[in-house]
Amino acid sequence: MPELILPTVDLHASWLEARDDWGHDAHQDGSGIHLGQNLDTAEGFAAWVEELRRRSDHTTPLADGFVHANHWWIVENGDYLGAISLRHELNDFLLNAGGHIGYGVRPSARGRGVATWALSAVLDEARQLGLKRVLVTCDDTNVASARTIERAGGELEDTRNTELGYTRRYWINL
């Protein structure tokens, strides 16, 4: 059974294996990774983990364009399977393309319901934050993610051309 945990340096080796599963330079939705971060070294990885943890603290100022968010890792038996994030509010970019929740599951762990389970768990966290509904988006060609969102109660508002390409935008009432 998977679990959501806070990012931790203890899973550095497992995270690196998952990154290689995706492809070294591939984007990982929900992970909070930014281009140029050196996550191969223990020091770089530790700095990134600390940054992810600080993003949920509303007393911590964030760089322009960022909003406060909670980040969790999806883990099973000590193995990193993916990540999911819950953004506390929407800026213009997130309203148009990114949404409140982003998630990604490593290729070798897909097709087992991991994303569906994680999204359901984070919807409970969104309720606790006081959100009444959340926007969840996916690439228009990502049929598996669209089904995951729909199983969680997502209602398609539209598909639009965004900064991320053609994007399906779903609202989930909490």
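Just so we're clear, the structure is a prediction, and the values are computed from it rather than from any experiment. Just the heavy atoms: all of them, side chains too, but no hydrogens, waters or symmetry mates, feed the values below. For the single chain, residues carry numbers from 1 onward in sequence order.
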Of all the heavy-atom pairs spanning [X] and [Y], show the shortest one and how long it is.
X	Y	value
Gly65	Asn91	O-ND2, 2.9 Å
Trp15	Leu39	CH2-CD1, 3.4 Å
Leu119	Ala152	CD2-CB, 3.6 Å

Return yes if some donor-acceptor pair links the side-chain N/O of [X] with the main-chain N/O of [Y] below 3.5 Å, else return no.
X	Y	result
Asp139	Thr167	no
Thr8	Leu11	no
Ser120	Trp117	no
His68	Asp57	yes
Arg110	Val105	yes
Arg160	Gly165	no

Heavy atoms, side chains only, cut-off 4.5 Å: are [X] and [Y] in contact?
X	Y	value
Val136	Val134	yes
Arg87	Val67	yes
His12	Asp40	no

Please check if any side-chain donor atom of [X] sits under 3.5 Å from a side-chain acceptor atom of [Y], or the reverse.
X	Y	result
Asn70	Glu125	no
Tyr170	Glu155	no
Thr60	Arg54	no
Ser145	Tyr103	yes

**Message:** Can you tell me how far apart OH (Tyr166) and CG (Asn161) are? Round to the nearest 0.5 Å.
**Reply:**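 If we round to the nearest 0.5 Å, Tyr166:OH and Asn161:CG are 4.5 Å apart.
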
When hydrophobic residues are tied together by side-chain contacts of less than 4.5 Å, even through go-betweens, does [X] share a cluster with [Y]?
X	Y	result
Leu164	Ile149	no
Ile101	Leu174	yes
Leu62	Phe93	no
Leu4	Leu6	yes

**Asked** Does the ring-ring contact (aromatic ring centres under 6.0 Å, His included) test come out yes or no for His58 and His88, once each step is laid out?
**Response** CA-CA 10 Å; His58 282 261; His88 300 180; 4.8 Å; yes

**Step-by-step side chain to side chain contact (heavy atoms under 4.5 Å, CB included) determination, Leu94 to Leu135** = CA-CA 9 Å; Leu94 294 172; Leu135 178 65; over 6 Å; no

**Request:** Could you check Ile172, Leu123, Leu86 and say which one makes a side-chain contact (heavy atoms from CB on, under 4.5 Å) with Leu131?
**Result:**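 Result for side-chain contact (heavy atoms from CB on, under 4.5 Å) with Leu131: Leu86.
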
**Request:** Apply side chain to side chain contact (heavy atoms under 4.5 Å, CB included) to the pair Thr159 and Arg169, showing each step before the final yes or no.
**Result:** CA-CA 6 Å; Thr159 301; Arg169 298 173 64 257; over 6 Å; no

Atom pairs and distances, donor-acceptor, side-chain atoms in residues 71-85, under 3.5 Å, two or more places apart:
unit_1: His71; atom_1: NE2; unit_2: Arg55; atom_2: NH1; d: 3.4
unit_1: Glu76; atom_1: OE1; unit_2: Arg112; atom_2: NH2; d: 2.8
unit_1: Glu76; atom_1: OE2; unit_2: Met1; atom_2: N; d: 3.3

**Request:** Output yes when Arg127 and Asp124 qualify as a salt bridge under the 4.0 Å nitrogen-oxygen rule, no when they do not.
**Result:**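 Salt bridge: yes.
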
**Asked** Would Ser108 and Arg106 count as a side-chain hydrogen bond (donor to acceptor under 3.5 Å, both in side chains) if you check the C-alpha gap in whole Å, the side-chain angles of each, and the deciding distance to 0.1 Å?
**Response** CA-CA 6 Å; Ser108 61; Arg106 68 187 286 181; 3.2 Å; yes

**Request:** Identify, with sequence neighbours excluded, every residue that meets salt bridge (charged side-chain N to carboxylate O under 4.0 Å, His left out) alongside Asp140.
**Result:**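 Only Arg168 meet the salt bridge (charged side-chain N to carboxylate O under 4.0 Å, His left out) criterion with Asp140.
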
**Item:** Within 45° cone of Trp171 ring axis and under 6.0 Å: Arg133 NZ or CZ
**Value:**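 Yes, Arg133 lies over the aromatic ring of Trp171.
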
